[in-house]
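Read through the structure below, which is laid out as structure tokens, and then see the notes.
For the single chain, residues carry numbers from 1 onward in sequence order.
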Amino acid sequence: MSAGAERKTENLPQWKVEEVDELVEMIESFQSVGVVNVAGIPSRQLQAMRADLYPDTKLRMSRNTLLERALDEVDEGIEGLAEHIEGQVGLIGTDDNPFALYKVLEASKTPAPINAGEVAPNDIVIPEGDTGVDPGPFVGELQQVGAAARIQDGSIHVTEDSNVLSAGEEVSDGLANVLSELGIEPKEVGLDLRAVYSDGVMFDPADLDIDVEAYRSDVATAAARARNLSVNASYPTAATVSTLIAKATGEAKSLGLHASVESPELVDDLVRKADGQVRALAAAFDDPEALPEELQDIEAPAATEEAETTEAEDESDDDQDTTEEADADDADEDDGDDEDGAAGLGNMFG
């Protein structure tokens, strides 16, 4: 213990010195330490929450002054937690990351009734419907707190969703009684994390309140766009090399068909292409008698020449997760360039 720490504890009763030592030991034994608000939590429910957290997470209650002394003695940046020690609070320690700790504490919260004099944590709404209460003075109590209520079909009905109190306003005796009668529990009871210190960083609850599914979706989208960029830039990686090879194979085949390159791999496609061109030309004649006998009554091909010659390109494009419209425009321009190049190669090869 440092000389400064000794001066802070030398005048303390022995039991307080031991309490501070235990708190310091707890703080130093966990990777993440936070301050939680425990105000308004019944003792039995608090004990149940503590039992649910054990053994991965530890909750320690003590006097606020002793908590502050313990944080100050550690003096590794964690003393900033002392700013959040006010009211009924406790220290919570875990070896898990702060985001997981926040998620666990939020999931452990349960609905609870609200008492007169408390501040509403959010808007309080009495929903439309049958209250199940027999006609009587209760309809007047509902109307007094701002609910649209009337007697209907032998019971008291709320005729529309009624916002009877806004967040931040104090609950009156009348409203507390009405909510209790209707079984409405407008607040959540649980360990409310005020701040947590981990790996040299102080986190506020707002920093930890993230949508995990949305975050996962953003990461997946970023990965898909990175893969798409790699493919379009012809930058080989372990994740894209197979797609790049398939794309190159398809483009090479398309170029060979456009240029009529004689190759064992292309001969069947070239024959189909030529057959389709002959059929299209023969079908364009108005006078079948002008054609050789073997070409008379020939049927037009089912697919056009362009569709046949670009079939390989389409197959390679299907392997890419192209998500940007700009990529599609670039692909159209590339196709135009390929056709010009193919025409030149066609002339070279006769």
Side-chain angles (χ1 to χ4, degrees), residues 34-53 59 61 63-64 83-90 92 101-196 204-214:
V35 176
V36 291
N37 179 25
V38 298
I41 305 177
S43 177
R44 176 179 294 182
Q45 194 168 358
L46 180 60
Q47 294 303 321
M49 292 178 182
R50 175 179 284 175
D52 289 340
L53 293 173
L59 174 64
M61 312 291 296
R63 293 186 179 184
N64 288 0
E83 299 177 3
H84 303 279
I85 296 180
E86 182 180 357
Q88 296 179 330
V89 298
I92 191 166
L101 174 62
Y102 178 84
K103 185 177 180 181
V104 168
L105 295 182
E106 289 298 304
S108 68
K109 293 182 177 180
T110 57
I114 195 166
N115 299 318
E118 293 188 60
V119 175
N122 41 52
D123 292 349
I124 298 179
V125 177
I126 297 179
E128 176 185 359
D130 187 356
T131 66
V133 180
D134 294 334
F138 188 63
V139 66
E141 296 178 24
L142 281 168
Q143 293 170 348
Q144 287 178 1
V145 299
R150 67 180 181 181
I151 298 174
Q152 180 179 326
D153 299 329
S155 64
I156 299 175
H157 285 248
V158 176
T159 58
E160 61 183 24
D161 290 346
S162 302
N163 190 333
V164 294
L165 194 70
S166 298
E169 295 181 344
E170 186 175 310
V171 179
S172 65
D173 291 333
L175 180 56
N177 292 333
V178 166
L179 296 176
S180 177
E181 180 70 24
L182 295 176
I184 296 176
E185 299 178 328
K187 72 175 184 179
E188 286 186 327
V189 172
L191 299 173
D192 190 14
L193 188 64
R194 290 187 174 180
V196 60
D204 290 328
D207 301 325
L208 305 174
D209 186 13
I210 63 173
D211 187 332
V212 176
E213 292 303 321

Original post:
Would a distance-only check, ignoring hydrogens and angles, find a side-chain to backbone donor-acceptor pair under 3.5 Å from Asn122 to Lys187?
Top reply: no
Original post:
If you round to the nearest 0.5 Å, how far is CD of Glu106 from CG of Asp209?
Top reply: 7.0 Å
Original post:
Do other residues, nucleotides or ligands put more than 12 heavy atoms under 6.0 Å from Lys109 NZ?
Top reply: yes
Original post:
Would you say Asp173 has more than 12 foreign heavy atoms packed within less than 6.0 Å of its CG?
Top reply: no
Subject >> Heavy atoms of other groups near Glu86 CD, more than 12 under 6.0 Å >> reply: no
Subject >> Heavy-atom donor-acceptor pair, Ser162 side chain to Ala148 backbone, under 3.5 Å >> reply: yes
Original post:
Is there side-chain contact between Leu191 and Leu53, with at least one heavy-atom pair below 4.5 Å?
Top reply: yes
Original post:
Does the side chain of His157 pick up a donor-acceptor pair with the side chain of Ser155 at under 3.5 Å?
Top reply: yes
Original post:
Side chains of Val89 and His84: does their closest heavy-atom pair fall under 4.5 Å?
Top reply: no
Subject >> Considering all heavy atoms, the nearest Leu179-Pro186 contact >> reply: CD1-CG, 4.2 Å
Original post:
Just how far is it from atom CG of Asn177 to atom CD of Gln144, taken to the nearest 0.5 Å?
Top reply: 11.0 Å
Original post:
Does CD in Glu83 sit with more than 12 non-hydrogen atoms of other residues, nucleotides or ligands closer than 6.0 Å?
Top reply: no
Original post:
For the atom pair CG (Leu175) and CD1 (Ile114), what is the distance rounded to the nearest 0.5 Å?
Top reply: 8.0 Å
Original post:
Would you find a donor on one side and an acceptor on the other, under 3.5 Å apart, between the side chain of Asp161 and the backbone of Glu128?
Top reply: yes
Subject >> Contact check, side chains of Arg50 and Val38, non-hydrogen atoms, under 4.5 Å >> reply: no
Original post:
Hey, is the main chain of Val171 close enough, under 3.5 Å, to the side chain of Glu118 for a donor-acceptor pair?
Top reply: no
Original post:
Backbone N or O of Ala206 within a donor-acceptor pair of the Asp204 side chain at under 3.5 Å?
Top reply: no
Original post:
Any side-chain heavy atom of Asp192 within less than 4.5 Å of one from Leu105?
Top reply: no
Original post:
Any side-chain heavy-atom pair from Leu142 and Thr131 closer than 4.5 angstrom?
Top reply: yes
Original post:
For the atom pair CG (Leu165) and CD1 (Ile126), what is the distance rounded to the nearest 0.5 Å?
Top reply: 10.0 Å
**OP:** Find out whether Thr110 and Gln45 are in side-chain contact, i.e. whether some heavy atom of one side chain is under 4.5 Å from a heavy atom of the other.
**Re:** yes
Original post:
Do Ser108 and Asp52 come within less than 4.5 Å of each other through their side chains, counting heavy atoms only?
Top reply: no
Original post:
Can you check whether Ile92 reaches Val196 side chain to side chain, under 4.5 Å on heavy atoms?
Top reply: no
Original post:
For the residue pair Gly34 and Leu193, what are the closest heavy atoms and their distance?
Top reply: CA-CD1, 4.5 Å
